[in-house]
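Any value given below was found using the heavy atoms of this structure, including those in side chains, with hydrogens, waters and symmetry copies removed. Reminder, nothing fancy here: chain letters follow the sequence lines and each chain counts from 1.
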Amino acid sequence: MRRGAAWQARGRPGARAGKSTLPERPGGGRPVGFIHHHARRMKLWSQTYIPTLKESPAEAEIASHRLLLRAGLVRKLAGGIYTYLPLGLRVLEKIKQICREEMEAAGAIELLMPHIHPAETWQKGPRWAAVREVMFSAGNASAQAEPAKEPQYVLGPTHEEVITPLVAAEITSYRDLPKNFFQIQTKFRNEIRPRYGLMRAREFVMKDGYSFDTTDEAATESYHRMEAAYRRFFARCGLRFIAVEADTGVMGGSFSHEFMVPAEIGDDDVVYCEESGYAANREKATSGLVPPDLQDAEPVGAVEEFATPGVTTIAQLEGDPWNVPAEAQFKTLLYVGDGKLFAVVLRGNDELEEAKLGSLGFQLYRPATPEEIEPVMGARPGSLGVVKGTIKAPEKLAGIFADHAIRLIGNGVTGANRDGFHLRNVNVARDLQITRFGDFRRVQAGEPCPKSGKPLKIERGIEVGHVFKLGTKYSECFGAVYMDDNKQKHPMIMGCYGIGISRTLQAIIEQSHDEDGIIWPWTVAPWQILVCMLDPELPEAVAVRDRIVAVAEAAGVDVLVDDRAERPGVKFKDADLIGIPLRITVGNRGLKEGVVELKWRSEKEFTKVPLAEVEEAVRAAIARGASSVQA
RNA sequence: CGGGGUGUAGCUUAGCCUGGUAGAGCGCUACGUUCGGGACGUAGAGGUCGUUGGUUCGAAUCCAAUCACCCCGACCA
């Protein structure tokens, strides 16, 4: 090694005279022995720390979580709280760097906001009640501190409440707009259920950005610029992803897209059509099941009550002796929204998509209990219906909302609001009491795409990014207004944009691995090249290694050299596990033959490269690696 | 927060049902033999059996409580 031992860690000399048991802050006296060395792109395995595991810890169930631990990227401190070891940190930094480049290319400006926020900041915001459920509070930890009723400080779960007042104070003129700020920072959310390693953690790294515009059109443009930047970012990370229309949820705002990575372990269902490009979160997805020009069916006869003793389910009514198919039944569900009862009517064979009830304008809603239902409807669940005149106390209902698809039934069967009785010949247009129609049903795979009419597909996905067009919810709340050229004040139009950086890291592993380990895309690999030294001490081997490293460093590529005194088998297994894209094996056997071996992690075969052609071959391989990820 | 499961050495685990003073593999240390796909031998170090309480002459084992972790549901990057 050219580099001597001088720079190696030798423990920090110098006294620790202070009373504090905390480490000194930088500037408080650097250890005398600290020698700065310029960053090199080569790292010796023996000089870093990559604790690979032969067996996977029992806590990890899914592939990416197992590999995070086995390849030595992270270690768990507590549920959903992880330390990044050197390998994990390198990947995280590479992802962050790509993110920075794309954000800046799209005109966003980086800043860094605090982790810790006065609770007051949030109390002034529009969603304190809803968000505090997932917030960590941070007060004084000393035993003397009285437990306060309200937290003094909280750890930031996101930063709308910080950026908006900042912009409100700083920017007052239309001349200073538009602005788009972003940061890459640790977020804290006390997840109800941390899961799958970094996938749903309580502490995680996120890129969050916020745009401020003067007009709605400009805000929409900002939104689309971010959406495009997100596409480039995820593509550069080597991910296959789909951008889908999404529900805006607690965030509020007018429209949004989620960036989803298809994976079995995802939390969301993505509905998509390859033909038309339609893609939506299932919570929001619609289908072309109900043609827009559908004519309502003519009545077939008078409504007729019939006894159905003991029948309380759609399935029972499908059986003998009634034989009413589910798709000819009306399903009547009762919910409580902000304290008021309301009804939702669906086809018997459809399922309610609860998230879609959000469009009704209630803050909070939940299924009603039989005890709440009976006094209003006159029957318990199983015999409910919304036929005019059968509801016991219709004035107590905040509304009766019907899914469009019930119009496909035409004439069907529904509950009589009398336990043990149902009604037949119920005609949608003639008999049902409906406040309004809407889209409330859950889309199923195979239904026609709303755009192309071709069958829709459904896949699980991991949400790695989300872009929202927010509107003025936060700017109005915090007084982020600008003055136009007529001295008129207007609230700024905002957008907000998130990328789960640490989640993206794991999503890449989930999407790119095999039974032997990780297969890093070239762009995010901790090192792009692994020089596997089978005989690390052999002078010829060291000479070849130096030639490889020289080419790589000239090309700006990172190289890890496995210089450990391990058996070849161990080195190969570890190489596969940590997933460096390009492996160059330098060993006694090959050298005698006058070759080194070049192998891609993603392929089975290796090629032999004559020693004279090493530089050329490495350069060609680097070019190939660089073009392997779409940029 | 509801449902299910698991806590034994750094990791993977046996033992628990049917109480009798804790066993293996990997990893670690030393030595020797090995050396191109997780080698072998010899000798070692390492465990208050998650915690607390109970039953018992005696508890890893039975009972109770508690904590932690994992999985399934509702929320999210």
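The phosphate of B/G27 (OP1 or OP2) has a side-chain N or O of A/K54 nearer than 4.0 angstrom. For A/Y196, no side-chain nitrogen or oxygen approaches OP1 or OP2 of B/C69 to under 4.0 Å.
One atom, CG of A/L538, and another, P of B/C35, lie 16 Å apart when rounded to the nearest Å. One interatomic measurement links the two molecules: CZ of A/R564 to P of B/C28, which rounds to 11 Å at whole-angstrom precision. Taking atom CG of A/D269 as the reference point, atom C1' of B/C76 lies 16 Å away to the nearest angstrom. If you take CG of A/L534 and P of B/G37, they are 9 Å apart, rounded to a whole angstrom.
For A/R70 against B/G27, no side-chain N or O and base N or O form a donor-acceptor pair under 3.5 Å. For A/E566 against B/G38, no side-chain N or O and base N or O form a donor-acceptor pair under 3.5 Å. No hydrogens or angles were tested; on distance alone, nothing pairs the side chain of A/R195 with the base of B/C71 as donor and acceptor under 3.5 Å.
With contacts defined as side-chain heavy-atom distances shorter than 4.5 Å, the pair A/R282/A/Q444 qualifies.
Out of B/A39, B/G25, B/C75, the shortest distance to the side chain of A/E283 is found at B/C75. Closest contact between the side chain of A/R193 and the listed nucleotides B/G38, B/G73, B/A77 involves B/G73. Closest to the A/R567 side chain, of the nucleotides B/C35, B/C76, B/C1, is B/C35. Ranking B/C71, B/U12, B/C75 by closeness to the A/E61 side chain, first place goes to B/C71. Side-chain proximity of A/F204 to the nucleotides B/A77, B/C70, B/C76 is greatest for B/A77. Residue A/V570 has its side chain nearest to B/A39 when only B/C70, B/A39, B/C75 are considered. Picking from B/C76, B/C11, B/G38 the nucleotide with the shortest atom distance to the side chain of A/P57 gives B/C11.
Other residues, nucleotides and ligands contribute more than 12 heavy atoms inside 6.0 Å of the CD atom of A/E104. Atom CD of A/E537 has 12 or fewer neighbouring heavy atoms from other residues, nucleotides or ligands inside a 6.0 Å radius. More than 12 heavy atoms of other residues, nucleotides or ligands lie within 6.0 Å of CZ in A/F342, so this atom counts as buried by the packing criterion.
Pairing partner, B/C40: B/G32, with both Watson-Crick or wobble hydrogen-bond distances short of 3.5 Å. B/C1 is paired with B/G73 under the criterion used here, namely a Watson-Crick or G-U wobble arrangement in which both key atom distances are under 3.5 Å. When both pairing distances are held under 3.5 Å, B/C62 makes a Watson-Crick or G-U pair with B/G54. Look at B/G23: its Watson-Crick or wobble partner, with both distances under 3.5 angstrom, is B/U13. The partner of B/C49 cannot be assigned: no Watson-Crick or G-U wobble pair with both contacts below 3.5 Å exists in any strand.
Mapping A/G569 and A/D267 onto RNA chain B via the closest heavy atom, the residue that lands nearer the 5' end is A/G569. For the pair A/G197 and A/K571, both in contact range of RNA chain B, the more 5′-proximal nearest nucleotide belongs to A/K571.
Within 4.0 Å of A/K207, counting heavy atoms only, lies no atom of the nucleic acid at all. Within 4.0 Å (heavy atoms only), A/D516 reaches no atom of the nucleic acid at all.
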Anything under 3.5 Å between a donor and an acceptor, one on a side chain of residues 81-90 of chain A, the other on a protein residue two or more places apart or in another chain? List them.
unit_1, atom_1, unit_2, atom_2, d
A/Y82, OH, A/H65, NE2, 3.4
A/R90, NE, A/P526, O, 2.7
A/R90, NH2, A/P526, O, 3.3
A/R90, NH2, A/D558, OD2, 3.4

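Within residues 572-590 of chain A, the residues having any heavy atom under 4.0 Å from RNA chain B are, by residue number, A/F572, A/K573, A/D574, A/D576, A/L577, A/R583, A/G587, A/R589, A/G590.
A/I50 contributes atom CD1, which lies 8.0 Å from atom CG of A/D574 (distance to the nearest 0.5 angstrom).
With both ends at atom P, the span from B/C69 to B/U8 equals 14 Å, rounded to whole Å.
A perpendicular orientation is assigned to the rings of A/F234 and A/Y230, their planes being inclined by more than 60° (bins at 30° and 60°).
A salt bridge (Lys or Arg N to Asp or Glu O under 4.0 Å) with A/D562 holds for exactly one of A/R545, A/K571, A/K573, A/R567; it is A/K571.
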